[in-house]
Engineer: 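There's a structure below that I have some questions on.
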Amino acid sequence: MSSTGHLILAGDLLDFDHPSRDVFYLAIQTGAMVAVLWEYRARFFRVDLQLWRNLIIAFVPAAVIGLAAGNYIKAYLFKPVPVALAFIVGGVIILLVDRGERTSRVESTQAMSALDALKVGFAQCFALIPGTSRSGATIIGGMLFGLSRRAATEFSFFLAVPTLMAAGAYDSLKHRHLFSVNDLGMWAVGFAASFVSAFLVIRWLIRYVATHDFRWFAWYRIAFGLVVLATAYFGWVSWTP
């Protein structure tokens, strides 16, 4: 669904231009990451060298490209219209890929090879475009590469941890001058809301994908993207240029 895309659109619509906005977004992402850690604590907090090997391999491509092109992406793509276009394109891709029953080569994350992880890692690179959705890119990419819907979804959640940890550490260092004790209340509320919502969604989604496809998510993305484009075109909402 793209949490970053929704953050950009909601922040722009609400005219949220707080000096510590980037730090607040970091608190929200941290809450979601902690929810993943808690839900899968049995896997993360035991010695599972294969899992951590695959996570490191999958993490590297987006990390390298993100560092190389991050400033360009934020300067030109972190705006409502590019986000809306990414929503629509992503929705169309989901409809094209997730049609009917697919033959899966990998039924569980435990059966993933290093090459499978690398392929998913390259799929995650598309999520550097805001509005694409990190989980959407990795799940659909994983399915294209032979992972079952459940395996792709679980590995996408696992991969969120090193990805968000690295992004959070980088943003914390970059925006360290924005940290203020006066904003602790705002960060705490954002963190708590993100943790609870992410925790509930993770549990629901894993059950959902066992018997359903992703077409309703795709139609939502397309409809939402078209609404944003319409409001921008007709001037119903004054999006920041």
Engineer: Would you kindly say whether Thr138 and Ser156 are connected by a side-chain donor-acceptor distance under 3.5 Å?
Structural biologist: yes

Engineer: Tell me, which pairs form a ring-ring contact (aromatic ring centres under 6.0 Å, His included) where one or both residues lie in residues 109-157, sequence neighbours left out?
Structural biologist: none

Engineer: Indicate if Val92 and Leu85 have the same hydrophobic cluster label, given that clusters are the connected sets of ILVMFWY residues with side-chain heavy-atom separations under 4.5 angstrom.
Structural biologist: yes

Engineer: Rounded to the nearest 0.5 Å, what's the gap from CH2 on Trp216 to OH on Tyr220? Could you check?
Structural biologist: 15.0 Å

Engineer: Between Leu115 and Ile139, is there shared hydrophobic-cluster membership here, with clusters defined by ILVMFWY side-chain heavy atoms closer than 4.5 Å?
Structural biologist: no

Engineer: Can you measure from CG (Leu51) to CZ (Phe158) and round to the nearest 0.5 angstrom?
Structural biologist: 6.0 Å

Engineer: With no hydrogens and no angle check, is any side-chain donor or acceptor of Ser194 less than 3.5 Å from a backbone partner on Phe191?
Structural biologist: no

Engineer: Hey, what do you get for CZ (Arg105) to CE (Met112), rounding to the nearest 0.5 Å?
Structural biologist: 9.0 Å

Engineer: Going only through I, L, V, M, F, W and Y residues with side-chain contacts under 4.5 Å, is there a path from Leu226 to Val81?
Structural biologist: yes

Engineer: What is the minimum heavy-atom distance between Cys125 and Ile65, and which atoms define it?
Structural biologist: SG-CD1, 3.6 Å

Engineer: Met165 and Ile57: same hydrophobic cluster, using ILVMFWY side-chain contacts below 4.5 Å?
Structural biologist: no

Engineer: I need the Arg53 CZ to Ser113 OG distance, nearest 0.5 Å.
Structural biologist: 7.5 Å

Engineer: So, does Ser104 use its side chain to make a donor-acceptor pair with the main chain of Glu107 at under 3.5 Å?
Structural biologist: no

Engineer: First locate atom CD1 of Ile140, then atom CG of Leu95, and finally report the distance between them rounded to the nearest 0.5 Å.
Structural biologist: 9.5 Å

Engineer: Yes or no on side-chain contact (heavy atoms from CB on, under 4.5 Å) for Trp187 and Thr30, after CA distance, side-chain angles and deciding distance?
Structural biologist: CA-CA 10 Å; Trp187 300 340; Thr30 302; over 6 Å; no

Engineer: For a quick test of reading the model, state the closest non-hydrogen atom pair linking Gly91 to Ala218 and the distance between them.
Structural biologist: O-CB, 3.3 Å

Engineer: Looking only at heavy atoms, what is the nearest atom pair of Leu128 and Ala62, with distance?
Structural biologist: CD1-O, 4.1 Å

Engineer: Whether the side chain of Glu154 engages the backbone of Ser108 through a donor-acceptor N/O pair (distance < 3.5 Å, no angle test) should be reported.
Structural biologist: no

Engineer: Compare every heavy atom of Ala117 with every heavy atom of Asn54, then report the nearest pair and how far apart it is.
Structural biologist: O-CB, 3.4 Å

Engineer: Taking Arg221 for the side chain and Ala86 for the main chain, is one N or O donor matched with an acceptor at less than 3.5 Å?
Structural biologist: yes

Engineer: Return the CD1 to CZ distance between Ile129 and Phe78, rounded to the nearest 0.5 Å.
Structural biologist: 11.0 Å

